[in-house]
Amino acid sequence: MKAIKLLALFAIIAGCFTSCQKEESNNELPTPVSQEPTKEQLIKLSNMGVNIDEVTIKKVFLPDGTKEQHLVSGDISIPIDGLHEYSNMETLEGDNKQYRSDYLVAPQYRNIRVLGWTGAGFELTPRMRTGLLWAVANYNALPNTLNFTVTFGTDQSQADMVVYRVAGGPGGSAGFPTSNGKPNRYVRINTGLDVPAYSQNVIEHVIGHEIGHSVGFRHQDWYNRWSCNYSGPLPAEPSVSPAAIWIPGTPWSPFADSIMLACFNTSEDGEFTDSDKDALNILY
Ligand SMILES: [Zn+2]
């Protein structure tokens, strides 16, 4: 049943990618920037613990209408101009379950002011607004040093994180905290997420997942993306190196449940698992 749902999801996603790319090529003049990631960029991403099986370069809209060139792997979206802000990773040791990125949100930046965007063209839908409030409530319910406040509007000057809507299939995208200790700033939620097939809980799940990246979570299954219908051999334990940093104190299983699995399905309840809570409380 789950496999069938995932296949349907893939069909939707594949359809979207095709149409999005067509749209882009119609509207854009050719740019001198290569559309294939360089070997150097791929090595950098791999060193950051990002799966590099299918990395593309895309133009990403910011809510003020400007665009940035990003390296995109699934829902991980890193500005090319900001790539130098991510250090190379240390080598992984020990068992693995929940993973974090190389930088966390620094103590002075842990009161995170989230702006839910309402400006024309990139405004969150009503269900996305509700999903954002629910996801943030989940983070705020944890006994740790992260604290989120949400406002809705278009004034970015007082915001640490801006959540806005872009064209695209079901899902969203975000980056990681950088070396300055600030959380990832821009969280994109795709228009294709707010369709009847996805409940309010699924929308909560995706927004909570993207905020998870923004405060330092990597995918629980980053090494093979098994939740995305991976069909190759399963490793006894992750063997890719260098790799994402394991969060000590969390268990490991290739089929563990987490809000940070790479792919989601229609049955997500939007809530943290016990190990998600452990991981966040250990980190913060
Ligand atoms: Zn993700």
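Atoms within each ligand, like the ligands themselves, are counted from 1 in listed order. Computed over heavy atoms, backbone and side chain alike; hydrogens, waters and symmetry mates excluded.
Under 3.5 Å, the side chains of S275 and D278 contain no donor-acceptor pair of N or O atoms. In the model, D269 has no side-chain atom that pairs as donor or acceptor with a side-chain atom of N201 under 3.5 Å. In this structure, a donor-acceptor pair under 3.5 Å is present between the side chains of H213 and H209.
Residues M161 and P183 come closest through the heavy atom pair CE-CB, 4.0 Å. Taking every heavy atom of both residues into account, R110 and V105 meet most closely at NE-O, 2.8 Å.
Around the Zn ion (ligand 1), the protein contributes the following N, O or S atoms at distances under 2.8 Å: D75 OD1, D75 OD2, H209 NE2, H213 NE2, H219 NE2.
Both the sub-6.0 Å distance and the 45° axial angle are satisfied by R129 relative to the ring of F152.
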